[in-house]
Number of protein chains: 2
Amino acid sequence: MSNAGRQCSNSAVQVKNKTVPLKTSPANDSLPLYRQVKRELQKIIEDGHYGPGKPLPSEATLALALKVSVGTLRHAVDELVHEHVLVRRQGKGTFVAPHNRARFMFQFFHVEPRWDPEDDMSREQVFPDIDCIAFARDKADEAEARALRIKPGDAVFRIENKLALRGRVVLHDRLALSAAIFRHLTEKRFSERPSTIYALFQTDFGITVLRAQERARAVAAGRAVARVLGVAAGAPVMEVHRLALTFGDRPVEYRISTINTQAHDYVSMLSKTP
Amino acid sequence: MSNAGRQCSNSAVQVKNKTVPLKTSPANDSLPLYRQVKRELQKIIEDGHYGPGKPLPSEATLALALKVSVGTLRHAVDELVHEHVLVRRQGKGTFVAPHNRARFMFQFFHVEPRWDPEDDMSREQVFPDIDCIAFARDKADEAEARALRIKPGDAVFRIENKLALRGRVVLHDRLALSAAIFRHLTEKRFSERPSTIYALFQTDFGITVLRAQERARAVAAGRAVARVLGVAAGAPVMEVHRLALTFGDRPVEYRISTINTQAHDYVSMLSKTP
DNA sequence: AAGTGGTCTAGACCACCAT
DNA sequence: TGGTGGTCTAGACCACTTA
């Protein structure tokens, strides 16, 4: 690890009998050491050699390899843990954060039954049933291309799902995935996914969704979607546009969800039952 | 500071010529020292002696007073900074985080013009004009009482606002505040507020809003609101229920917003322009 | 027993800000 | 100049996991 980012040293100095190496690169100045370490770690993670099941090298090993103290190494890891990129497990190691349902609920928006003060059952945690109703390889339209940063006409997978809560269909999904990224994705593999869609991205394609941009609005339900959701055409429904991003804010999925909010709410991550 | 939370020491020990004090309280065991420090800091902050303009005692002072190392004190402060409770300013001190527009945009949901790929003007940052259209002291109804954790019939301030973006009214607000907390609030003071409503809470009442629970849905616009928003009665609009919370998750504001999403979106905090 | 992360400490030096 | 937070290091000891 170069010491280019040290706040202090512009040249080699003696500090308490320890030689501090020279600044090597005039660029990258003023970037603290632990930020440089963080970048190195991000590179290591993005390379994809480590998944949710295989721990990174130990903190001591990494500190030695990057020629920084364990404290500095930990500072960098701390930030990645706060950003939900890594998770630490005492006694076991440090891992790339897995995409499970709990993470999805916490980190992204989701649909929840409307809370009914008269009915305690309505507060129970409930898991959605997802049903794939269409899977096709197609050409990206204008909006999809702009969102996914590909060219209009490039190959995309276009997938439609419906999502049910306690047997009631409440959400309709329309995803677009760049076929260049998700080569060899098949409807079978998609439908048999273990838990969430993002877990599939992670385990099968080495792509970890880190965050998402979402924009929501109220619209009148169109005929096709109204039929899926079981509402009258023209009824007010929510439409949510989501762009899921991975490292470096690279877009990997563009999704338009339509939600029947007659008995359910669209809820943010910070909510807990009041 | 008691050392009850140390992972290791169950009795006085000699460590490198330094005496580590005895564990004093059998309860509170297994809580790390820096968490105990964090609680102490929270108490200090909640007492309200320090505001956004008056720095807390320096880290060295606090560490000395609480009988912990600076490192441990900093660990506690780090967490409060990550939670947006405190902000550090190098050379000046550590402050209770002020409620300004930037924080509001970052931390809470807001309304934004729909992004139009043909029009770069639509991406400009724009500040809302807020207009108070009703201010009354009234009795809490069932829903308000449940949300604010007061009794139905207790006094509340009920306030209505409309919010315009570039001259277009896009949002209607209906707030309920517990009169017991916001004693002496007047319409004049409310309308003359310097920046955001939450800044007023903080400066005039010593109440810092830390986070909010929000639930969103699509509904058909009622007559009164439709007139304010300039849409047809029955048009699809978004309705957002927000409960704003302070320390200890105490509710301080219950708000129902109705949003005209014909040309604007409801956007989460993590979004940046794509 | 050995290896991992978690906590706590002590100290050096720096950049920023006010005076 | 002195005080504040910011960075970096070194080391001790602990709790948890696996073998």
Side-chain angles (χ1 to χ4, degrees), chain A residues 1-21 23 29-38 50 54-64 66-81 86-95, chain B residues 1-21 23 29-38 50 54-64 66-81 86-95:
Chain A
M1 203 72 219
S2 115
N3 72 329
R6 274 188 175 79
Q7 282 193 337
C8 37
S9 51
N10 287 326
S11 58
V13 287
Q14 284 290 114
V15 180
K16 292 244 301 179
N17 296 330
K18 190 186 156 300
T19 301
V20 173
K23 181 171 73 173
D29 202 2
S30 82
L31 193 61
L33 234 198
Y34 74 89
R35 293 279 189 184
Q36 298 177 45
V37 172
K38 187 178 171 187
Y50 302 98
K54 186 183 169 193
L56 299 193
S58 75
E59 296 181 341
T61 306
L62 283 169
L64 207 62
L66 297 174
K67 296 192 179 114
V68 298
S69 74
V70 176
T72 299
L73 189 278
R74 279 185 63 85
H75 195 164
V77 173
D78 281 342
E79 292 207 342
L80 292 168
V81 168
L86 296 177
V87 292
R88 288 195 174 107
R89 293 192 204 144
Q90 193 174 22
K92 302 180 80 169
T94 301
F95 301 77
Chain B
M1 202 74 220
S2 114
N3 72 329
R6 273 187 178 78
Q7 281 192 337
C8 35
S9 50
N10 287 326
S11 58
V13 287
Q14 284 289 116
V15 180
K16 294 241 300 179
N17 298 330
K18 192 187 155 296
T19 301
V20 173
K23 181 172 71 173
D29 203 2
S30 83
L31 193 62
L33 235 197
Y34 74 89
R35 294 280 189 183
Q36 299 178 42
V37 172
K38 187 179 170 186
Y50 301 98
K54 185 181 170 195
L56 300 192
S58 75
E59 296 181 343
T61 306
L62 284 169
L64 207 62
L66 298 174
K67 296 193 181 115
V68 298
S69 73
V70 177
T72 299
L73 189 278
R74 278 185 64 84
H75 196 163
V77 173
D78 280 342
E79 292 206 341
L80 292 168
V81 168
L86 296 177
V87 293
R88 289 194 174 108
R89 293 192 203 144
Q90 193 174 20
K92 302 180 80 169
T94 301
F95 300 78

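Below, read A as the first sequence line, B as the second, and so on, with proteins coming before strands; counting in each chain starts at 1.
Comparing C:dT9, D:dT7, C:dC16 against the side chain of A:P32 picks out D:dT7 as the nearest. With distances taken from any side-chain atom of A:R88 to the nucleotides D:dG5, C:dG5, D:dT7, the minimum falls on C:dG5. Set against C:dG6, C:dT7, D:dT7, the side chain of B:H75 has C:dT7 as its closest nucleotide. Distance from the side chain of B:S69 is smallest to C:dT9 among C:dT9, C:dA18, C:dG5.
Atom-to-atom, CG of A:L62 to C1' of C:dT4 comes out at 12 Å; the value is rounded to the nearest Å. Computed from coordinates, the A:L64 CG to D:dG11 P distance equals 13 Å when rounded to whole Å. Taking atom CG of A:L86 as the reference point, atom C1' of C:dG5 lies 13 Å away to the nearest angstrom. When the P atom of C:dT7 is taken as reference, atom CG of B:L31 falls 10 Å away, rounded to whole Å. To the nearest angstrom, P of C:dC17 lies 12 Å from CZ of B:F95. Rounded to whole Å, the distance from CD on A:E79 to C1' on D:dG6 is 12 Å. The interatomic distance linking A:L73 (CG) with C:dG5 (P) rounds to 9 Å, in whole Å. Atoms CD (B:Q36) and P (C:dG6) sit 19 Å apart, rounded to a whole Å.
Residues forming a side-chain contact (heavy atoms from CB on, under 4.5 Å) with B:R88 (at least two apart in sequence, or on another chain): B:E59, B:R74, B:V77, B:D78, B:V81, B:T94. Remark: A:S69 pairs with A:T72 by the side-chain contact (heavy atoms from CB on, under 4.5 Å) rule, at least two apart or across chains.
Here the closest heavy-atom approach between residue A:P55 and residue A:G93 is recorded as CB-CA, 4.3 Å. Taking every heavy atom of both residues into account, A:Y34 and A:E79 meet most closely at CE1-OE2, 3.5 Å.
With DNA chain D read from its 5' end, the first of the two nearest nucleotides for A:G91 and A:T72 is the one closest to A:T72. If you find the closest nucleotide of DNA chain D to A:Y34 and to B:T94, the one lying nearer the 5' end belongs to B:T94.
Within 4.0 Å of A:R89, counting heavy atoms only, lie sugar-phosphate atoms of the nucleic acid but no base atom.
Taken from CG in B:L80 to NE2 in B:H75, the straight-line distance is 10.5 Å, to the nearest 0.5 Å.
Proximity of B:K92 to the phosphate of C:dA18: a side-chain N or O atom is located under 4.0 Å from OP1 or OP2.
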